[in-house]
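To start, the structure under review is shown below, and the notes come after it.
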Amino acid sequence: MQVGTVIGNVWATRKEDELTGLKFLFVQPEGPNGSPIDTPLVALDRIGAGVGDRVMVTKGSAARLVIKDKDLPIDAVIIGIIDSIDVERG
Amino acid sequence: MQVGTVIGNVWATRKEDELTGLKFLFVQPEGPNGSPIDTPLVALDRIGAGVGDRVMVTKGSAARLVIKDKDLPIDAVIIGIIDSIDVERG
Amino acid sequence: MQVGTVIGNVWATRKEDELTGLKFLFVQPEGPNGSPIDTPLVALDRIGAGVGDRVMVTKGSAARLVIKDKDLPIDAVIIGIIDSIDVERG
Amino acid sequence: MQVGTVIGNVWATRKEDELTGLKFLFVQPEGPNGSPIDTPLVALDRIGAGVGDRVMVTKGSAARLVIKDKDLPIDAVIIGIIDSIDVERG
Amino acid sequence: MQVGTVIGNVWATRKEDELTGLKFLFVQPEGPNGSPIDTPLVALDRIGAGVGDRVMVTKGSAARLVIKDKDLPIDAVIIGIIDSIDVERG
């Protein structure tokens with residue numbers, strides 16, 4: 001998983017049908033110390049994350065598993081809002 | 001997901017059979033502010049995107065899920081045409 | 001999907017059993033204007049592509065879907081031979 | 001798989017339900033000689049790895065296979081704690 | 001798939017149970033002309049590859065398909081030992 005901070009929202013009215021009603025957020029991936037790494041990505045949010053929250057993002061086809069009964073065409077999902085990171089090395 | 005702008009079309013007459021009739025577009029990935037990131041990729045389009053549209057692209061094996069009854073050998077699909085992006089940070 | 005040009009062949013006699021008889025080609029990924037991007041990869045070819053052909057390649061686990069009844073351990077396949085690319089921007 | 005060293009812990013109270021009780025560690029990917037490569041990632045740990053351990057990490061959708069009866073939305077898991085690496089070239 | 005040369009072995013006694021008895025090798029990815037590209041990765045070997053062999057590696061979730069009846073949490077596997085590469089361009 002990747003750690004990152006929510007930096008914004010994405011709205012798309014015209015989209016694949018099964019995505020209606022879902023919320024998509026822009027996330028800036030970060031290293032353990034909070035420095036940005038890589039480029040921002042868009043992730044599905046189902047747990048109520050908001051701008052400024054530090055989150056954990058799952059990428060790839062496992063992302064769709066957060067909604068069991070629908071095979072959604074998504075490749076990134078916010079799976080947790082981070083309380084704290086404790087890095088001893090690195 | 002990745003955000004990007006449709007920059008062109010790709011035509012291939014000779015192809016795997018199940019891909020007949022599908023439309024493929026070149027998409028330039030972009031950051032939230034519209035600056036190009038990464039190299040262009042080819043994505044399946046089923047929602048009527050055109051050159052100049054800003055779109056949301058799903059990559060990887062989840063891409064094939066936009067067509068439920070066929071297991072298509074595709075790894076990128078346009079899932080939405082973006083109305084607006086609201087980025088507060090980044 | 002990625003666009004690229006076939007640059008060569010790969011032969012491997014000793015291999016996983018289910019791969020016997022399959023043809024593998026080296027493909028140099030390219031941007032829409034034909035400039036090389038990224039490093040060459042090896043892709044399965046089932047549609048008769050040859051050196052010099054410009055092709056469309058699917059990567060990841062969706063690649064194995066070109067052969068429905070066998071779950072092949074492959075991660076890249078040529079899905080089309082490109083007739084033309086029309087890029088208006090980029 | 002990637003080799004890396006565990007450098008810390010990640011805590012997230014608010015998360016997707018099926019992730020409750022699971023342990024997530026920050027891992028710094030490394031080359032065979034121990035030099036850091038790429039940026040740190042977060043991986044599920046089920047085998048008792050701790051900070052300083054050198055581990056083997058599986059990424060992508062295969063990561064969820066460590067827990068057979070649940071389709072977890074995770075994309076990285078520690079699959080082994082490394083005893084030794086013997087590199088003759090590179 | 002990626003081409004690379006086997007550069008070493010990885011041993012891990014403490015690991016996920018279903019991985020017991022499997023052999024893992026370090027592989028340095030290479031371009032068609034043998035120059036190293038990217039960083040080394042660890043791949044499962046079932047076909048008897050050894051240090052110095054040039055091999056073809058499948059990455060991602062398709063890698064687990066080499067062992068049909070077990071859903072292994074692996075993301076890279078050696079699928080062939082290369083006899084020769086014939087590159088005309090690139």
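Below, all heavy atoms of this structure are taken into account, side chains as well, without hydrogens, waters or symmetry copies. Chain letters run A, B, ... following the sequence lines, proteins first, then strands; residues in each count from 1.
Taking each heavy atom of B:Pro32 and A:Pro40 in turn, the nearest pair found is CD-CG, 3.5 Å. A:Leu72 and B:Ala62 get closest at one heavy-atom pair: O-CB, 4.3 Å. Of all heavy-atom pairs between B:Lys59 and A:Asp75, the closest is N-OD2, 2.6 Å. Counting all heavy atoms, side chain and backbone alike, A:Pro73 lies closest to B:Val66 at CB-CG1, 3.6 Å.
Taking CD of B:Glu30 as the reference point, atom OG1 of A:Thr39 lies at 11.5 Å (rounded to 0.5 Å). Distance check: A:Phe26 CZ to B:Met1 CE gives 10.5 Å after rounding to the nearest 0.5 Å. A:Glu18 CD to B:Ile79 CD1: the interatomic distance, rounded to the nearest 0.5 Å, is 9.0 Å.
Contact count against chain B (heavy-atom pairs under 4.5 Å) is highest for A:Asp71 among A:Val10, A:Asp17, A:Asp71, A:Leu25. Chain A forms the most heavy-atom pairs under 4.5 Å with one residue out of B:Val77, B:Ile47, B:Ile37, B:Ile78, and that residue is B:Ile47.
Checking side-chain atoms of A:Arg14 against main-chain N and O of B:Gly48 turns up a donor-acceptor pair under 3.5 Å.
Residue B:Val55 does not touch chain A at all, counting heavy-atom pairs closer than 4.5 Å. With a 4.5 Å cut-off on non-hydrogen atoms, A:Ala43 touches chain B through its backbone but not through its side chain. Contact of A:Leu41 with chain B is made through backbone and side chain together, with heavy-atom distances under 4.5 Å.
Of the residues B:Thr58, B:Ile85, B:Val3, the one that meets the side chain to side chain contact (heavy atoms under 4.5 Å, CB included) test with A:Val42 is B:Val3.
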